[in-house]
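One structure is given here, and the rest of the page talks about it.
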Amino acid sequence: MSRDGSSGLRHGWTTGACATAATTAAYTALLTGEFPDPVSIDLPNDRHPSFALARESLDRDGASAGIVKDAGDDPDVTHGALVSARVTRGDPGSGVVFRAGEGVGTVTKPGLPLAVGEPAINPVPRRLMTEHVTAVAQRHGGSGDVVVEVSVAGGAELARRTWNPRLGILGGLSILGTTGVVVPYSCSSWIDSIRRGIDVARAAGREHVAGCTGSTSERVAQELYGLPEEALLDMGDFAGAVLKYLRRHPVPRLTVAGGIGKLAKLAEGHLDLHSARSQVSFAALAQLVAEAGGGPALVEGVRQANTALDALQQCAAAGFPLGDLVAAGARRTAEGVLLGAPVEVDVVVIDRAGTIVGRG
């Protein structure tokens, strides 16, 4: 397993890479009677990892192989999950047909890169599995006409901790990956889910979506505007991901909702709101207060505040609308990223209790 030279963290492998390896091993066994263990696959960017088999089974109808996913040092919900593929012979000329096994979801809403009714095995993993099936067939005299059923042990339970239910992917997880490699803390799957959430909302004809930093702000936005679940985007810290995707795929209206701390960072121009990657600038908050006519004592109090909530409380005691100022600043940042895309933006700022403390 390789390490990122800058962080020292181990890279991992996607569910798509694991499914490709399991498929390769199972089809090889179906044609030869022997499982390659470890099994090697070819990934983009000239990577050729090998995977040890955790499970294998061969009978006259087909072959199955299973691989335990290693996500490296990324906090991936599927780390340690058993990803399996069962390969059986298909009809002549059918090519590779994919099926959702236990723990793999099925697409039930339009807007995703897969048709409704298809197993949630994304296009790149499908391509990788198909290429490896073709290579195995050429090596061992097979036709390449197979049915590949992918499963993930415990996947239905794990899927509840993902966006899948909201995206209309029911019954389990998605088989994901573009390069086959999991980069620690890149949060690529979260960002991809944001994009798919926008796609699903657009396909459903939604004209108003809400990017929310957490469950409390999501509840507030939903109650405030009566939005259906598919219009709610679990933005988390990735404001930039929402705005940049909407710039290319606009929806008429966007509400950004979140706590005072995260939206203060957005107001200052930060697009990644995670505490490890951006900090609240109390100098910038103090400047906002000063420019809006706040007195010297209040300006200095905000500059010396311990937290954004502390600054908010000081301003509230002085009857000063810091929340509205932050909302207006966050809206300006959002509009700047949208670069004139036809998206009307409003911002809702809340405190920890879920009380609205600013609109803009």
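Basis for what follows: all heavy atoms, side chains included, without hydrogens, waters or symmetry-related copies. Remember, it's a predicted structure, so these values are computed and weren't measured experimentally.
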Only residue of Val150, Val146, Val96, Ile41 satisfying side chain to side chain contact (heavy atoms under 4.5 Å, CB included) with Met129 is Val150
| field | Side chain proximity check, Lys244 to Val337, heavy atoms < 4.5 angstrom | value | yes
Item to complete: Give a yes or no on whether the backbone of Ala264 and the side-chain of His270 come within a donor-acceptor separation of less than 3.5 Å.
Response: no
message: For residues Leu288 and Leu273: do they belong to one hydrophobic cluster (side chain heavy atoms under 4.5 Å, members Ile, Leu, Val, Met, Phe, Trp, Tyr)?
response: yes
query = Counting distance only, does the side-chain N/O of Thr15 pair as donor-acceptor with the main-chain N or O of Leu176 below 3.5 Å?
reply = yes
Legend entry - Side-chain heavy-atom pair Thr20, Leu43 within 4.5 angstrom cut-off: no
query = Same hydrophobic cluster for Val357 and Leu309, using side-chain heavy-atom links shorter than 4.5 Å among ILVMFWY?
reply = yes
Check your understanding: Between Thr106 and Gly117, is there a donor-acceptor pair closer than 3.5 Å when you use the side chain of the first and the backbone of the second?
Key -> no
Asp59 side chain near Asp61 side chain, heavy-atom distance below 4.5 Å:
yes
### Query
Within a reach of under 6.0 Å around CD of Glu34, are more than 12 heavy atoms found that belong to other residues, nucleotides or ligands?
no
For this session: Taking atom types as modelled, find out whether Gln222 and Glu218 have a side-chain donor-acceptor pair closer than 3.5 angstrom.
Result: no
**Request:** Using a cut-off of 6.0 Å, state whether more than 12 heavy atoms not belonging to Arg352 lie near its atom CZ.
**Result:** no
With a sphere of 6.0 Å drawn around CD of Glu102, does it hold more than 12 non-hydrogen atoms of other residues, nucleotides or ligands?
no
Indicate yes or no: at least one non-hydrogen side-chain atom of Asp199 is less than 4.5 angstrom from one of Leu112.
no
- Message: Using the rule that Ile, Leu, Val, Met, Phe, Trp and Tyr join whenever any side-chain heavy atoms are under 4.5 Å apart, tell me whether Trp13 and Val39 fall into a single cluster.
- Response: yes
Margin query: Please tell me whether Lys69 and Thr78 have a donor and an acceptor in their side chains that are separated by less than 3.5 angstrom.
Written below: yes
### Task
Answer with yes or no whether the side chains of Arg89 and Tyr27 bring together a donor and an acceptor at under 3.5 Å.
no
Strictly below 4.0 Å, N to O, side chains only: are Asp192 and Arg196 in salt-bridge contact?
yes
Check: Hey, are the side chains of Asp234 and Trp190 touching, using non-hydrogen atoms and a 4.5 Å cut-off?
Finding: yes
Is Asp351 reaching over with its side chain to a backbone N or O of Ala353, donor-acceptor style, under 3.5 angstrom? yes
Val97 side chain near Asp145 side chain, heavy-atom distance below 4.5 Å
no
Taking everything shown except Arg55 itself, do over 12 heavy atoms lie less than 6.0 Å from its CZ? no
### Query
Is there a side-chain contact between Val343 and Leu243, using heavy atoms and a 4.5 Å cut-off?
no
Exercise for review: Flag the pair Lys265 and Glu268 as a salt bridge only when some basic side-chain nitrogen lies within less than 4.0 angstrom of an acidic carboxylate oxygen.
Suggested key: no
Quiz item: Do any N or O atoms from the side chain of Thr333 and from the backbone of Leu266 form a donor-acceptor pair under 3.5 angstrom?
Solution: yes
inquiry  = Could you tell me if the side chain of Asn122 sits less than 4.5 Å from the side chain of Ile175, heavy atoms only?
reply    = no
Checking Pro38, Ser40, Cys18 against Phe51 for side chain to side chain contact (heavy atoms under 4.5 Å, CB included), the one that qualifies is Cys18
Closest non-hydrogen contact found for Trp163 with Ile194 is CH2-CA, 3.7 Å
Residues Ala25 and Ala65: closest non-hydrogen pair is CB-CB, 4.0 Å
d(Leu233 CG, Phe238 CZ) to nearest 0.5 Å is 14.0 Å
In terms of heavy-atom contacts, Phe35 and Ser64 come closest through CE2-O, 3.3 Å
* To do: Say whether Val280 and Val326 are linked into one hydrophobic cluster, either directly or through other cluster members, by side-chain heavy-atom distances under 4.5 angstrom.
  => yes
Exactly one of Arg206, Arg166, Arg202 clears salt bridge (Lys or Arg N to Asp or Glu O under 4.0 Å) with Glu230, and that residue is Arg206
### Query
Can a donor-acceptor pair be found between the side chains of Thr255 and Asp346 at a distance below 3.5 Å?
yes
Sub-3.5 Å donor-acceptor pair from the side chain of Ser217 to the main-chain atoms of Thr213, do we have one? yes
Please report, to 0.1 Å, the donor-acceptor pairs under 3.5 Å made by any side chain of residues 312-324, with sequence neighbours excluded.
unit_1 : atom_1 : unit_2 : atom_2 : d
Gln314 : NE2    : Gly301 : O      : 3.1
Gln314 : NE2    : Asp310 : OD1    : 3.3
Asp324 : OD1    : Arg359 : N      : 2.9

- Message: Donor-acceptor check, side chain of Asp37 to backbone of Leu53, threshold 3.5 angstrom: yes or no?
- Response: yes
Quick check: does any side chain N or O of Asn164 sit under 3.5 Å from a backbone N or O of Gly172, one acting as donor and the other as acceptor? yes
